[in-house]
Number of protein chains: 2
Amino acid sequence: MAKRSVGGEIKLTLGQYLASIRDDRGFSQRDVEKATNKVVSNAYLSQIENNQIKRPNPNILNSLAELYNISYEDLMERAGYVVPTRSRRGDEQRHGRIATFAEHNLTPEEEAKLVEYLGFLRSKK
Amino acid sequence: MAKRSVGGEIKLTLGQYLASIRDDRGFSQRDVEKATNKVVSNAYLSQIENNQIKRPNPNILNSLAELYNISYEDLMERAGYVVPTRSRRGDEQRHGRIATFAEHNLTPEEEAKLVEYLGFLRSKK
DNA sequence: TTTGCATGCTTGACATTCTAAGCATTTTAG
DNA sequence: CTAAAATGCTTAGAATGTCAAGCATGCAAA
């Protein structure tokens, strides 16, 4: 069960946190399994809550976040993943060059062919 | 290099994308290993680029994103992870990724040839 | 040519995630 | 009370990620 540390400064483990939320929501582990369409099995959830899994797949964390209505980013952080920061997003564009194809709405197929063609262009020195 | 499926669909894989960026940056796989302080070994990078790894750990993707100066979120998405959404919303199934060629430091010549090639691709539709 | 090195790649070993199946205890129904 | 269901948990093993070591090729200098 979730350890109670209301207002405590000790950081909860990912497992403790998830268990406390589930408890609050009144879900059983099997409820979660069903609600997530087996994305999270009850057995696996038990392992997560008991800290036997260091880093569950982000997509699993996302399923739990949606079901519990909590922050996916927060879960990622608690699991030890670097979280994308909005403020820093897009820095890659600061090399000044205009994103030539940004407005072309390339389909993935076109994108692939163009990259292939660029590789060809550059390969012939 | 682009993978062709039976249906004729072509899509840039995570590996192809990462390889093309590394090529653009002029790094060898061992350069990356050194620059990331062994967070990404050359052997592993090779496997990633050859699509032998379905989902590299997000933290590895983040190291590559920082080294290449590209978007971590974009890499997460290409790797099949759900990306935290804080304000981006409502854009259904559009090809929501960052324009690939914003990252390739195209010369004007390359840009011209790619635009021409894109026109060719679209003309025969 | 030969030597040496840079580069990309492969392999074998190990670590971890994740699933399938089932166990132990408690709770609920009859 | 007993039987069944619910709940949390364990475990074996498959699947996958990751690394150290080494192989093969290409290339450039001697």
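Just so it is clear: chains get the letters A, B, ... in the order the sequence lines come, proteins before strands, and each one is counted from 1.
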Check: How is B:Val40 classified with respect to the nucleic acid when contacts are heavy atoms under 4.0 Å: base, sugar-phosphate, or nothing?
Finding: nothing
Next item on the list: Please determine, for the side chain of A:Arg30, which listed nucleotide (D:dT10, C:dG22, D:dT18) has the closest atom?
Entry: C:dG22
Margin query: Less than 4.0 angstrom between a side-chain N/O of A:Ser28 and OP1 or OP2 of D:dT7, yes or no?
Written below: yes
Check: Nearest of D:dT18, C:dT7, C:dC9 to any side-chain atom of B:Tyr44?
Finding: D:dT18
Next item on the list: Calculate the interatomic distance between B:Leu61 atom CG and D:dT18 atom C1'; express it in whole Å.
Entry: 14 Å
Next item on the list: With DNA chain C as reference, determine whether B:Lys34 or B:Ala43 sits nearer its 5' end, using the nearest nucleotide of each.
Entry: B:Lys34
Checklist line | Rounded distance (Å) that lies between atom P of C:dC18 and atom CG of B:Asn57 | finding: 11 Å
Next item on the list: Could you check how far CG of B:Leu45 sits from C1' of D:dG17, rounded to whole Å?
Entry: 14 Å
Notebook entry, point to check: Within 45° of the six-membered ring axis of A:Tyr68 and under 6.0 Å from that ring's centre, is NZ or CZ of A:Arg22 located there?
Noted result: no
Next item on the list: Give the minimum heavy-atom separation between B:Ile70 and B:Arg25, together with the two atoms involved.
Entry: CG2-NH2, 3.8 Å
Note to self: Using a 4.0 Å heavy-atom cut-off, does A:Gln47 contact any base of the nucleic acid, only the sugar-phosphate backbone, or nothing at all?
What the structure shows: base
Margin query: I need the NZ-C1' distance between A:Lys38 and C:dC18, as an integer number of Å.
Written below: 13 Å
Note to self: Whole angstroms only, please: what is the CD1-P distance between A:Ile48 and C:dT16?
What the structure shows: 16 Å
Next item on the list: Report the nucleotide, chosen from C:dT10, C:dC9, C:dC18, that has the shortest atom-to-atom distance to any side-chain atom of B:Gln52.
Entry: C:dT10
Check: With respect to the phosphate group of D:dG17, does any side-chain polar atom (N or O) of B:Lys54 fall under 4.0 Å of OP1 or OP2?
Finding: no
Next item on the list: Using the salt bridge (charged side-chain N to carboxylate O under 4.0 Å, His left out) rule, collect all pairs that involve residues 27-43 of chain B, keeping only residues at least two apart or in two chains.
Entry: B:Glu33-B:Lys38
Check: How many Å lie between CD on B:Glu33 and C1' on D:dC19, as a whole number?
Finding: 9 Å
Next item on the list: Could you tell me the separation between the CD atom of A:Gln29 and the P atom of C:dC18, rounded to a whole number of Å?
Entry: 16 Å
Check: What does B:Asn42 touch in the nucleic acid at a heavy-atom separation under 4.0 angstrom: a base, only the sugar-phosphate, or nothing?
Finding: base
Next item on the list: From the options D:dG8, C:dC18, C:dC9, select the nucleotide whose nearest atom is closest to the side chain of A:Arg22.
Entry: D:dG8
Check: Is any side-chain N or O of B:Asn50 closer than 4.0 Å to OP1 or OP2 of C:dG8?
Finding: no
Notebook entry, point to check: B:Asp23 CG to C:dA6 C1': how many Å, rounded?
Noted result: 16 Å
Next item on the list: Would you give the length of the straight line joining atom OH of B:Tyr81 to atom CG of A:Asn57, rounded to the nearest 0.5 angstrom?
Entry: 5.5 Å
Checklist line | Within-4.5 Å side-chain heavy-atom neighbours: B:Ser46 and B:Asn50 | finding: yes
Check: So what does A:Ser46 touch, heavy atoms closer than 4.0 Å: a base, only the sugar-phosphate, or nothing?
Finding: base
